[in-house]
There are 2 protein chains.
Amino acid sequence: MITIGQLADYAGVTTKAVRHYHERGLLAEPGRDSSGYRRYTAKDAVDLVKIRTLANAGVPLTRIKDLLDADQDTLTAAITEIDHNLHDRIAQLRRTRDQLAQLRGGDRLFVSPEVADYLDDLRELGVSERQTHLERDGWILMQTASPEDASVWIAEKRELIADPEFRALYLEHDAAYDWSPDDPRLPALADRTRTWFASHHSRSETRPVHNPAIARLAAQSQPGASSPAWDRLAQLMKG
Amino acid sequence: MITIGQLADYAGVTTKAVRHYHERGLLAEPGRDSSGYRRYTAKDAVDLVKIRTLANAGVPLTRIKDLLDADQDTLTAAITEIDHNLHDRIAQLRRTRDQLAQLRGGDRLFVSPEVADYLDDLRELGVSERQTHLERDGWILMQTASPEDASVWIAEKRELIADPEFRALYLEHDAAYDWSPDDPRLPALADRTRTWFASHHSRSETRPVHNPAIARLAAQSQPGASSPAWDRLAQLMKG
DNA sequence: GTCGGACCTTGCCCCTGGGGCAAGGTCAAA
DNA sequence: TTTGACCTTGCCCCAGGGGCAAGGTCCGAC
């Protein structure tokens with residue numbers, strides 16, 4: 001006959017937890033001694049260890065209660081199932097560890113693998129961090145608003161960026177961000193851009209034309225997403 | 001500019017959770033559109049994914065809040081630590097899986113390995129399930145009440161059970177449980193038992209004599225722990 | 001132009017699995 | 001006898017949301 005504190009120590013829990021299990025009907029209330037103290041037997045110790053083992057496996061107390069007075073077959077089946085999702089939870093935690101590692105750097109956590117690859121390509125081309133960041137945010141919004149479209153668009157964009165002519169235009173647009181709005185190179189750049197789009201437009205399929213400026217537009221609402229030169233460029237291309 | 005539902009889907013959470021993060025100050029309240037709906041940007045999406053990644057790793061929301069506006073070094077250090085105890089938790093879950101497997105059978109969950117081995121020995125000797133169970137419960141109580149004594153006693157008991165003479169006595173005591181209290185074998189058994197203890201008592205060391213009936217005594221308060229024949233036997237041995 | 005269904009808003013109460021603390025009563029050893 | 005470590009009940013608190021109510025809004029179909 002042991003006390004609640006001894007029982008609790010045996011199972012590695014607090015006395016509070018033991019009383020909690022009494023309240024929830026998981027552990028039978030034991031007899032009391034002459035001063036009202038609870039007095040436990042070995043059976044209680046066995047039951048408590050079972051409770052803790054199941055609880056450690058993440059089984060809710062209400063279910064533990066049911067399992068404790070279920071027949072052997074039910075219990076065995078339940079344990080098999082509990083073990084299965086314990087296995088799954090371990091796998092999940094491992095995945096979380098990987099994601100945690102990616103939190104240190106890289107965008108792979110925030111966009112699809114295809115977009116992440118595309119962003120890596122941009123960095124390799126020497127595209128500015130500002131621009132890459134702008135693109136990333138654009139793709140996040142696109143993927144969120146319409147994942148299927150985004151997946152089509154990213155495929156097109158990756159083809160596009162493989163074209164040396166487009167690549168040159170893209171890099172010059174990137175550089176233009178810091179130019180003066182009066183810079184004489186702007187009208188010429190606008191012109192070349194329009195020409196390029198005109199000559200590649202016909203290749204587009206029946207679905208809505210994918211303007212590569214969409215990424216920029218999507219990110220437009222963010223602070224610092226444009227510059228005087230870019231505003232001017234947009235005007236020139238419209239006119 | 002996306003809505004709360006789109007943002008929530010992107011991160012795989014509910015809108016309720018997103019609002020919860022606003023209330024807790026984890027995620028900045030975004031601007032509202034003309035009808036009062038929250039409108040989110042890519043930055044919010046990035047922040048939300050960070051929040052979820054940390055939350056999945058078991059980091060409390062209050063700490064996540066601190067980490068989100070900590071400097072890079074602090075964050076990196078924190079991530080390292082979080083990864084560490086994620087590793088520990090995975091190990092813990094694996095241990096839980098092992099214990100879960102033992103819940104299907106065996107007493108190793110409830111007593112020390114030494115006692116478990118001793119119980120296995122008893123079963124191998126042909127000791128009844130009733131008696132083994134009684135012993136187990138006795139050891140649980142002993143280990144709970146005084147783990148150091150229990151560890152000394154179990155060592156002694158394992159030596160004792162190695163003695164063929166003691167083994168025979170033990171098995172006969174076990175069998176006697178079901179005898180009639182008038183059974184003529186009882187006085188003889190009591191006699192042999194006393195003789196054996198007398199001749200082995202001198203071998204005992206200075207610490208209190210370890211009477212092998214202690215296990216039975218400890219379990220005495222349990223229902224069905226004795227029988228008419230055993231009661232008679234106890235009387236005979238006292239007299 | 002209006003209808004239905006899917007969205008959004010705030011607010012409040014509910015759940016699990018206990019922890020903390022109060023205000024006592026009890027036990028054992030020095 | 002006193003002291004410290006137990007035990008008792010009772011009540012409130014926490015995270016991390018879920019559920020539901022009672023509305024307002026948006027968008028596409030008819």
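Order of the sequence lines fixes the chain letters, A, B, ..., with proteins taken first and strands second; residue numbering starts at 1 for each chain. This one's a predicted model, so the numbers in the text were calculated from it and none came from an experiment. Computation of the quantities below employed the complete heavy-atom set of this structure, encompassing side-chain atoms and omitting hydrogens, waters and symmetry-equivalent molecules.
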Novice: Counting only side-chain nitrogens and oxygens, does Arg24(B) get under 4.0 Å of the OP1 or OP2 atom of dA15(D)?
Specialist: yes
Novice: Check the distance between dG16(D)'s C1' and His22(B)'s NE2 and give it to me in whole angstrom.
Specialist: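 Nearest whole value for this atom pair: 16 Å.
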Novice: May I have the distance from Tyr40(A) (atom OH) to dC7(D) (atom C1'), rounded to whole angstrom?
Specialist: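 Value for this atom pair: 11 Å.
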Novice: Looking only at side-chain N and O atoms, does Ser35(B) come under 4.0 Å of OP1 or OP2 in dG24(D)?
Specialist: no
Novice: Can you check the Ile4(B) CD1 to dT10(C) C1' distance for me, whole Å?
Specialist: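 Going from CD1 in Ile4(B) over to C1' in dT10(C) covers 12 Å.
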Novice: Tell me the interatomic distance from Tyr37(A), atom OH, to dT8(D), atom P, rounded to whole angstroms.
Specialist: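 Distance check: Tyr37(A) OH to dT8(D) P gives 7 Å.
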Novice: Does a side-chain N or O of Arg38(B) approach OP1 or OP2 of dT9(C) to a distance below 4.0 Å, or not?
Specialist: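 Looking at the OP1 and OP2 atoms of dT9(C), one of them is under 4.0 Å from a side-chain N or O of Arg38(B).
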Novice: Just how far, in rounded Å, is P of dA28(C) from CD of Gln6(A)?
Specialist: 11 Å
Novice: Check whether any side-chain N or O of Arg32(A) sits under 4.0 Å from OP1 or OP2 of dT9(D), and answer yes or no.
Specialist: yes
Novice: Using whole Å, what does the distance between atom P of nucleotide dG19(C) and atom CD of Glu23(A) come to?
Specialist: 13 Å
Novice: Do NZ/NE/NH1/NH2 and the carboxylate oxygens of Asp120(A) and Arg108(A) come within less than 4.0 Å?
Specialist: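 Result for this pair is yes, salt bridge flagged.
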Novice: Should we count NE2 of His87(B) as having more than 12 external heavy atoms under 6.0 Å?
Specialist: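 No, not enclosed.
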Novice: Please determine whether a side-chain nitrogen or oxygen atom of Arg52(B) lies at a distance below 4.0 Å from atom OP1 or OP2 of dG17(D).
Specialist: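 For dG17(D), OP1 or OP2 has a side-chain N or O of Arg52(B) closer than 4.0 Å.
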Novice: Indicate whether OP1 or OP2 belonging to dC8(C) is found under 4.0 Å from a side-chain N or O atom of Thr15(B).
Specialist: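 Negative; the distance criterion is not met.
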Novice: Side chain of Arg19(A): nearest nucleotide among dG17(C), dT9(D), dG18(C)?
Specialist: dT9(D)
Novice: Should Asp83(A) and Arg104(B) count as an ion pair when the cut-off is N to O under 4.0 Å?
Specialist: no
Novice: Quick check on side chain to side chain donor-acceptor pair (under 3.5 Å): which of Lys157(B), Arg158(B), Arg136(B) does Tyr118(B) satisfy it with?
Specialist: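 Of the listed options, the one satisfying the test is Lys157(B).
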Novice: In this structure, how many angstroms lie between the C1' atom of dG25(C) and the CG atom of Asp33(A), rounded?
Specialist: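 The distance from CG of Asp33(A) to C1' of dG25(C) comes to 12 Å, rounded to the nearest Å.
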Novice: Considering heavy-atom distances to DNA chain D, does Ala17(B) or Ser34(B) have its closest nucleotide positioned more toward the 5' end?
Specialist: Ala17(B)
Novice: Looking at Tyr21(A), does any N or O in its side chain come under 4.0 Å of the phosphate oxygens OP1/OP2 on dG18(C)?
Specialist: yes
Novice: In whole Å, what is the span from the CG atom of Leu27(A) to the C1' atom of dG18(C)?
Specialist: 15 Å
Novice: Tell me whether Arg38(A) is salt-bridged to Glu29(A), with the criterion being a basic N under 4.0 Å from an acidic carboxylate O.
Specialist: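 Yes.
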